[in-house]
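Residue numbers count from 1 along this sequence. What you are looking at is a predicted structure, and each value in this text was computed from that prediction instead of being measured.
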Amino acid sequence: MKRDSGCSTLAEQQKQEEKLWAAMKITAYVLGTGLLIFTALVNSLSWYVQNIWDASGHFWQTTWLKIYYLCEGKEWTIFLLGAALVPSLAFWCFNGILMVADVTGKPTFITRYRIQLGKNDPVDTKKLRQAVYTALCNQFFISLPMLVPMFYIMKWWGNTFSKELPTFQWFLVELSIFTLIEEILFYYTHRLVHLPVLYKHIHKKHHEWTAPIGVVSIYAHPVEHILSNTLPVMAGPMVMGSHIVSIAVWFSLALLTTSISHCGYHLPFLPSPEFHDFHHLKFNQCYGVLGVLDYLHGTDTVFRQTKAYQRHRVLLSLTPLSESIPEAPRRAE
């Protein structure tokens, strides 16, 4: 009997080993095939992007030279155009559309994607006027003067006003570095202004909006606007000595991205604003932009246990995520 039980145990072990080996072979096959397909797709995508860039490169280079000569090569004029005017137009055009939706509740194509249901529906116009006034003051009296020292730093680099545009590949490298620098500086300065003594006198102003709207992205105390809103975005181009066109694109993207993060609507095909919207709702979670440092420091643990975390993805359909992943019904008291 003992011999039979020993044989059966040995046979079972052999079967388990065979199953494990078969599973390993299947896993290796799937991963290997997936890696090959992924590599092929990346190479194909890079090839297509490069071809598109090569085809349009002459157009962009010609357009840039027209602007350059229109400004008569005056570096300060070109710098103000790229670092101030273009990003400001991008910010106010985008937020102008959002403010119409906030005030009128129309078009429903936008308002049906509201994150915090029942909030800002419609927005308090008195609070909105104050937010717009503060945002304009921050832009004109803080951001604009800060461009002066930046201009001289960029001029020292000697590449900013070149007649030749940077290559597309180099711009992508710069964009990655800009994003990394912004994430680091914004996360730690943001946590700094959440210290009780600084929060009370500085950051509390921004958190008056527990359900934020787009323009609130730069509704802040002047000190916060310098530390958290402006320096993290300016630092990357100053470190890299970037071309003014790269600066214009980066500043515009940064303003549009923070507007989306604060807009209060989880719109289709745009980056998810759930992460930062949750920060305004709960105050002590989700301090960063990308969420990488929040993960490393454990400042997103509560967020990861919520429905908001499940909704934190790019919406690829027209059905609002508040409908497909609704909040759990509140318990009756």
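- A donor-acceptor pair is defined here as one N or O able to donate and one able to accept, closer than 3.5 Å; such a pair exists between the side chain of E183 and the backbone of L290.
- Residues P237 and F178 meet the side-chain proximity criterion, which asks for heavy atoms closer than 4.5 Å.
- Summarising the geometry, atom CG belonging to L253 is positioned 9.5 Å from atom CD1 belonging to I260; distances are rounded to the nearest 0.5 Å.
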Query raised in the report: After noting the C-alpha distance and the side-chain angles of E208 and Y219, does the key distance pass the side-chain hydrogen bond (donor to acceptor under 3.5 Å, both in side chains) rule?
Result: CA-CA 10 Å; E208 291 171 4; Y219 173 75; 2.7 Å; yes
Requested in this report: In sequence, state the C-alpha distance, the side-chain angles, and the governing distance for D294 and Q285, and then conclude on side-chain contact (heavy atoms from CB on, under 4.5 Å).
Outcome: CA-CA 8 Å; D294 283 283; Q285 290 280 298; over 6 Å; no
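- Atom CZ of F140 is surrounded by 12 or fewer heavy atoms from other residues, nucleotides or ligands within 6.0 Å.
- L165 and Y68 fall within the same hydrophobic cluster, where Ile, Leu, Val, Met, Phe, Trp and Tyr residues are linked whenever their side-chain heavy atoms come under 4.5 Å apart, directly or through other members.
- Taking OG1 of T319 as the start and CD1 of I325 as the end, the distance is 11.0 Å to the nearest 0.5 Å.
- Checked by atom type and distance alone, the side chain of D277 never pairs as donor or acceptor with a backbone atom of S261 at under 3.5 Å.
- A cation-pi geometry, defined here as NZ or CZ lying under 6.0 Å from the six-membered ring centre and within 45° of its normal, holds between K127 and W209.
- Judged by distance alone, the side chain of Y187 and the main-chain N or O of V292 form no donor-acceptor pair under 3.5 Å.
- Between the R112 side chain and the P320 main chain, no donor and acceptor come within less than 3.5 Å of each other.
- Side chains of E327 and R311 form a contact here, defined as non-hydrogen atoms less than 4.5 Å apart.
- With rounding to the nearest 0.5 angstrom, the OG atom of S322 is 12.0 Å from the CD atom of Q116.
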**Report entry** CA sep, side-chain torsions, deciding dist, call: Y113, L270, side-chain contact (heavy atoms from CB on, under 4.5 Å)
**Finding:** CA-CA 12 Å; Y113 296 99; L270 291 180; over 6 Å; no
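- Side chain to side chain, H297 and Y188 meet the donor-acceptor criterion of an N or O pair below 3.5 Å.
- Within the 3.5 Å criterion, the main-chain N or O of G236 finds no donor-acceptor partner in the side chain of E174.
- A donor-acceptor contact closer than 3.5 angstrom links the side chains of Y69 and K163.
- In this structure, OG on S259 lies 7.5 Å from CG on L98, to the nearest 0.5 angstrom.
- Closest heavy-atom contact between V233 and A254: CG1-CB, 3.8 Å.
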Query raised in the report: Can M150 and I247 be said to form a side-chain contact (heavy atoms from CB on, under 4.5 Å), step by step?
Result: CA-CA 11 Å; M150 183 183 182; I247 294 171; 4.2 Å; yes
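- Ring centers of F303 and H312: under 6.0 Å apart, within the cut-off.
- Here the closest heavy-atom approach between residue L231 and residue L227 is recorded as CB-O, 4.1 Å.
- With hydrogens and angles disregarded, a donor-acceptor distance shorter than 3.5 Å links the side chain of T63 to the backbone of F59.
- When hydrophobic clusters are built by joining Ile, Leu, Val, Met, Phe, Trp and Tyr residues whose side-chain heavy atoms come closer than 4.5 Å, directly or via intermediates, W92 is grouped together with V103.
- Side-chain contact between H225 and T230 is present, with heavy atoms from C-beta onward closer than 4.5 Å.
- A salt bridge (charged side-chain N to carboxylate O under 4.0 Å, His left out) check over residues 90-108, counting only residues at least two apart or in different chains, returns nothing.
- T189 places a side-chain N or O within donor-acceptor distance of the main-chain N or O of F186, the cut-off being under 3.5 Å.
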Report task. Test H190 against H279 for side-chain hydrogen bond (donor to acceptor under 3.5 Å, both in side chains), laying out the working first. Result -> CA-CA 11 Å; H190 192 186; H279 172 74; 3.0 Å; yes
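- Between R313 and L321, the closest side-chain pair of non-hydrogen atoms falls below 4.5 Å.
- Within a 6.0 Å radius of CD in E164, no more than 12 heavy atoms belonging to other residues, nucleotides or ligands are found.
- With contacts defined as side-chain heavy-atom distances shorter than 4.5 Å, the pair T160/H243 does not qualify.
- In this structure, the side chain of N95 engages the main chain of V215 through a donor-acceptor pair within 3.5 Å.
- Clustering ILVMFWY residues whenever any of their side-chain heavy atoms sit less than 4.5 angstrom apart, transitively, puts L315 in a cluster other than the one holding F275.
- Classified by interplanar angle (parallel below 30°, tilted 30° to 60°, perpendicular above 60°), the ring pair F161/F79 is perpendicular.
- L267 CG to S272 OG: the interatomic distance, rounded to the nearest 0.5 Å, is 10.5 Å.
- Inter-residue side-chain proximity for N120 and R114 is flagged as met; some heavy-atom pair is nearer than 4.5 Å.
- Closest of all the heavy-atom pairs between A308 and F278 is CB-CD1, 4.2 Å.
- Across every non-hydrogen atom of V249 and F171, the tightest pair is CG1-CZ, 3.5 Å.
- Here the side chains of H206 and H221 are not in contact, with every heavy-atom distance at 4.5 Å or above.
- N138 and P222 make their closest contact through OD1-CA, 4.3 Å (heavy atoms, listed as atom of the first residue, atom of the second, distance).
- Counting non-hydrogen atoms of neighbouring residues, nucleotides and ligands closer than 6.0 angstrom, the OH atom of Y152 reaches no more than 12 such neighbours.
- Follow the hydrophobic side-chain contacts under 4.5 Å out from M240 and you reach M154 in the same cluster.
- The CE atom of M234 sits 10.5 Å away from the CD1 atom of I226 when rounded to the nearest 0.5 Å.
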Requested in this report: Apply the test side-chain contact (heavy atoms from CB on, under 4.5 Å) to residues K66 and T62: give CA-CA distance (whole Å), side-chain angles for both, the deciding distance (0.1 Å), then the verdict.
Outcome: CA-CA 6 Å; K66 287 179 180 178; T62 304; 4.0 Å; yes
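- In plain terms, the two heavy atoms of G291 and D300 that are nearest each other are O-OD2, 4.5 Å.
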Query raised in the report: Hey, mind stepping through W250 and E182 against side-chain hydrogen bond (donor to acceptor under 3.5 Å, both in side chains) and telling me if it holds?
Result: CA-CA 11 Å; W250 165 241; E182 184 198 22; over 6 Å; no
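- Taking the centre and axis of the six-membered ring of Y287, the NZ or CZ atom of R191 falls inside the cone set by 45° and 6.0 Å.
- The closest donor-acceptor contact from the side chain of T167 to the backbone of W170 lies under 3.5 Å.
- Ring pair H280/H207 is tilted by interplanar angle, where 30° to 60° counts as tilted.
- In this structure a side-chain-to-backbone donor-acceptor pair under 3.5 Å is present from T111 to G105.
- Two residues are said to be in side-chain contact when any heavy atoms from C-beta on lie closer than 4.5 Å; F91 and S217 meet this criterion.
- Cluster membership check: L144 shares its hydrophobic cluster with I153, using side-chain heavy-atom separations under 4.5 Å among Ile, Leu, Val, Met, Phe, Trp and Tyr.
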